[in-house]
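Shown next, in structure tokens, is the structure this report addresses.
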Amino acid sequence: ETLMGKPEQDFIGRLPTEAFPQEHGQVFVQRDQELSNLGDMQRYQHVMPTALGLRTLMITKAVFPGKDGSPAGVVGILDDITDRIRNEESLRESEKRFRSLFENAPLAYQSLDENGRFLDVNRKWLEALGYAAKDEVVGKWFGDFLAPGFKEHFDINFPMFKQACVIDGVEFEMLRINGGRIIVSFNGRVQTDRDGNFMRTHCIFSDITDRKHAEDALARKDALLGAMLRNLPFDFWARDTSQRMIMQSDESVRLWGDL
């Protein structure tokens, strides 16, 4: 009554073509005839105007037999699933937008299962390591993509990651498909269910290869400069703006001791 905006008596004893709008009533009559011929049950969706506006109905019908076993009539249930359909469509759109953001994110993303095997990666991850498609990666063990020496690093850190549920700035050296290597820094979180059980990891990494090489080069230059200054053949020392000694040649130490 609420759905159709009519009292019960407007339906009792009437044909579907009389109780419902003509075109929709004819659909119901045709479906009922098909059901009677099959003698089984049917379930289908039907969109029609109602007192609540245009609604999507899930219609479930079955034949009930008479005393002689032949079909005596049809019994059915109308379930208004409009809101559920809209929610499902909204969810699909949200998932579609998320998938687009995920695939086109500017940072490489990966997800691992509890055994450290890949569940998913995004396009940026594939580009960073030179792979063309996800099926070259998904299902494989993360350690197989690490440079020698870093697999052990992963074996030690992954159980701790699963327990702590977070990592920040953990560095690995990874192998590109062409044999090249990149140094990456990982940040990630663990997704758990309502009971706190592990479900999957969500991690992003940044390629810090150039930065690490620059830092190493600078460290080598600093070490070389320090060695040169310490070996000057005369008294040399330097202080910072707070008058703290930051450099003293070996000759200065010989003459004055540590200043």
Side-chain angles (χ1 to χ4, degrees), residues 1-105 109 111-115 117-123 126 132-140 191-202:
E1 294 181 7
T2 301
L3 180 65
M4 301 309 301
K6 295 180 180 180
E8 181 181 349
Q9 56 266 29
D10 285 359
F11 295 94
I12 301 299
R14 299 195 173 204
L15 296 173
T17 50
E18 298 172 333
F20 299 99
Q22 186 71 20
E23 61 182 294
H24 298 281
Q26 289 176 347
V27 171
F28 296 150
V29 169
Q30 181 180 351
R31 287 280 194 166
D32 290 351
Q33 185 60 51
E34 293 172 356
L35 178 59
S36 296
N37 293 336
L38 293 173
D40 197 0
M41 186 180 79
Q42 65 180 197
R43 184 179 175 86
Y44 62 94
Q45 290 183 23
H46 184 75
V47 179
M48 66 177 292
T50 70
L52 303 178
L54 195 65
R55 310 295 288 182
T56 300
L57 308 178
M58 176 63 73
I59 301 175
T60 305
K61 294 182 179 180
V63 171
F64 64 89
K67 293 182 180 180
D68 60 356
S70 62
V74 173
V75 61
I77 299 173
L78 304 183
D79 185 14
D80 184 356
I81 61 171
T82 308
D83 293 339
R84 190 185 81 193
I85 294 292
R86 288 173 180 170
N87 289 338
E88 289 173 352
E89 290 175 351
S90 177
L91 180 60
R92 282 194 293 271
E93 283 299 314
S94 295
E95 290 175 345
K96 184 178 179 180
R97 288 194 296 270
F98 173 78
R99 174 57 61 174
S100 177
L101 289 171
F102 161 75
E103 290 294 349
N104 297 290
Y109 166 90
S111 180
L112 304 179
D113 67 14
E114 62 181 343
N115 296 312
R117 294 186 176 277
F118 285 97
L119 294 173
D120 207 352
V121 296
N122 70 351
R123 188 176 305 164
L126 296 173
K134 291 184 181 184
D135 57 13
E136 298 178 82
V137 178
V138 172
K140 296 182 179 179
Q191 179 184 349
T192 59
D193 61 20
R194 292 181 179 179
D195 297 322
N197 299 311
F198 179 96
M199 292 181 66
R200 63 194 298 164
T201 69
H202 297 283

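Hydrogens, waters and symmetry mates are skipped; everything else that's a heavy atom, side chains included, is used.
- Closest approach of Leu54 to Pro49, counting heavy atoms only: CD1-N, 3.7 Å.
- Side-chain N or O atoms of Asn115 include none that pairs as donor or acceptor with a backbone N or O of Arg117 at under 3.5 Å.
- Here the rule is side chain to side chain contact (heavy atoms under 4.5 Å, CB included) with Arg55, and of Val47, Thr50, Ile81 only Thr50 fits it.
- Interatomic distance, Arg84 CZ to Asp79 CG, rounded to the nearest 0.5 Å: 7.0 Å.
- Judged by distance alone, with hydrogens and angles left aside, the side-chain atoms of Thr201 form a donor-acceptor pair with the main-chain N or O of Leu112 at under 3.5 Å.
- Here the side chain of Thr82 pairs a donor or acceptor atom with the backbone of Thr56 at under 3.5 angstrom.
- Summarising the geometry of Ala19 relative to Lys6, their closest heavy-atom pair is O-NZ, 3.3 Å, with the distance given to 0.1 Å.
- Here the straight-line distance linking atom CD of Glu114 with atom CG of Asn197 works out to 9.5 Å at 0.5 Å rounding.
- Two residues are said to be in side-chain contact when any heavy atoms from C-beta on lie closer than 4.5 Å; Asp120 and Arg200 meet this criterion.
- Counting heavy atoms from C-beta outward, Val29 and Leu15 have side chains that stay 4.5 Å or more apart.
- With a 6.0 Å radius and a threshold of 12 heavy atoms from other residues, nucleotides or ligands, Ile77 has its CD1 atom at or below the threshold.
- The closest side-chain heavy-atom distance from Leu78 to Ile59 is below 4.5 Å.
- Panel note: side chain Lys134, backbone Val121; a donor-acceptor pair is recorded below 3.5 Å.
- The shortest heavy-atom contact between Val75 and Phe64 is N-CD2, 4.1 Å.
- Screening Tyr44, Phe11, Phe20 against Phe28 for a ring pair (Phe, Tyr, Trp, His ring centres under 6.0 Å) leaves a single residue, Phe20.
- Between Thr17 atom OG1 and Arg14 atom CZ the span is 10.5 Å, to the nearest 0.5 Å.
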Would you sort out whether Arg86 and Asp83 count as a side chain to side chain contact (heavy atoms under 4.5 Å, CB included), showing the intermediate values? CA-CA 5 Å; Arg86 288 173 180 170; Asp83 293 339; 4.1 Å; yes
Verdict with supporting geometry, Leu57 and Asp80, side chain to side chain contact (heavy atoms under 4.5 Å, CB included): CA-CA 5 Å; Leu57 308 178; Asp80 184 356; 4.2 Å; yes
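- Distance check: Phe198 CZ to Asp193 CG gives 11.0 Å after rounding to the nearest 0.5 Å.
- Judged purely by atom type and a 3.5 angstrom limit, Glu136 uses its side chain to pair as donor or acceptor with the backbone of Ala133.
- Side chain of Gln42 to main chain of Arg31: a donor-acceptor pair is present (N/O by atom type, distance under 3.5 Å, no hydrogens or angles).
- Two residues are said to be in side-chain contact when any heavy atoms from C-beta on lie closer than 4.5 Å; Val27 and Gln30 fail this criterion.
- Across every non-hydrogen atom of Met41 and Ala62, the tightest pair is CG-CB, 4.0 Å.
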